[in-house]
Amino acid sequence: GSSYLDSGVGHVDSMDRLNPAANSTTIVPSPAAISRTLPSRHVAKISDLSRKEIASILTLAMKMKANPEAYYTALQNKTLLMLFEKPSLRTRVSLEAGMTSLGGHAIAYMMGDSPLGVKESYEDTGAVLSRMSD
């Protein structure tokens, strides 16, 4: 079966889908439009990815690092919800900075401050939070 990366997002070829300005003669849908048409895929560990997918991710990362201004709106209108069981300064700050630099927004939620599992069920909370984040 095809994966999220095989579908074109994150795959680097003659057409840069996340940087439409690089394709002067090609009209490319926005990253948001592309992501709405692709199936979601959970990746829990590096071995969930093929060698081709890893190579594509690294190639895209190098392009983004070399030309960050081309990706300032790649995650525009997207929200990342980060659930932390314990404080994690470096992880939180790096994810918040990354989302901001790509035009998105990050919310850090500390599980220790949560009524999750006490006043609210995991299922209800998951359903609500999934509607409020991408």
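The figures here come from the full heavy-atom set of this structure, side chains too, leaving out hydrogens, waters and symmetry mates. Just so we're clear, the structure is a prediction, and the values are computed from it rather than from any experiment. The first residue in the sequence is number 1, and the count goes up from there.
By the criterion of side-chain heavy atoms lying less than 4.5 angstrom apart, applied directly or through intervening Ile, Leu, Val, Met, Phe, Trp or Tyr residues, L95 is grouped together with M110 in one hydrophobic cluster. Note on V43 and L58: same hydrophobic cluster, where clusters join Ile, Leu, Val, Met, Phe, Trp and Tyr whose side-chain heavy atoms are under 4.5 Å apart, directly or indirectly. Note: the hydrophobic cluster containing L129 also contains Y122 (ILVMFWY, side chain heavy atoms under 4.5 Å, direct or indirect links). In the hydrophobic clustering of ILVMFWY residues, with side-chain heavy atoms under 4.5 Å counting as a link, M99 and Y72 come out apart.
Applying the 4.5 Å side-chain rule to ILVMFWY residues, one finds V128 in the same cluster as M132.
The stretch residues 85-112 participates, sequence neighbours left out, in these salt bridge (charged side-chain N to carboxylate O under 4.0 Å, His left out) pairs: R92-E96. Applying the salt bridge (charged side-chain N to carboxylate O under 4.0 Å, His left out) test to every pair with at least one member in residues 64-77, sequence neighbours left out, gives no pairs at all.
The two atoms that bring L102 and Y71 nearest to each other are CD2-O, 3.4 Å, heavy atoms only.
Counting only distance, with no hydrogens or angles, the side chain of S130 and the backbone of A127 share a donor-acceptor pair below 3.5 Å.
For I46, the side chain to side chain contact (heavy atoms under 4.5 Å, CB included) criterion is met by L49, I54, not counting sequence neighbours. Legend: residues meeting side chain to side chain donor-acceptor pair (under 3.5 Å) with D124, ordered by chain and number and at least two apart, are S121. Listed by chain and residue number, K45 satisfy the salt bridge (Lys or Arg N to Asp or Glu O under 4.0 Å) test with D48 (two or more places apart in sequence, or in another chain). Every residue two or more places apart in sequence or in another chain was checked for a side chain to side chain contact (heavy atoms under 4.5 Å, CB included) with S94, and none qualifies. Y109 pairs by the side chain to side chain donor-acceptor pair (under 3.5 Å) definition with S114, not counting sequence neighbours. T91 meets the side chain to side chain donor-acceptor pair (under 3.5 Å) test with S88; sequence neighbours excluded. Residues meeting the side chain to side chain contact (heavy atoms under 4.5 Å, CB included) test with T79, sequence neighbours left out: H105, I107, S133, D134.
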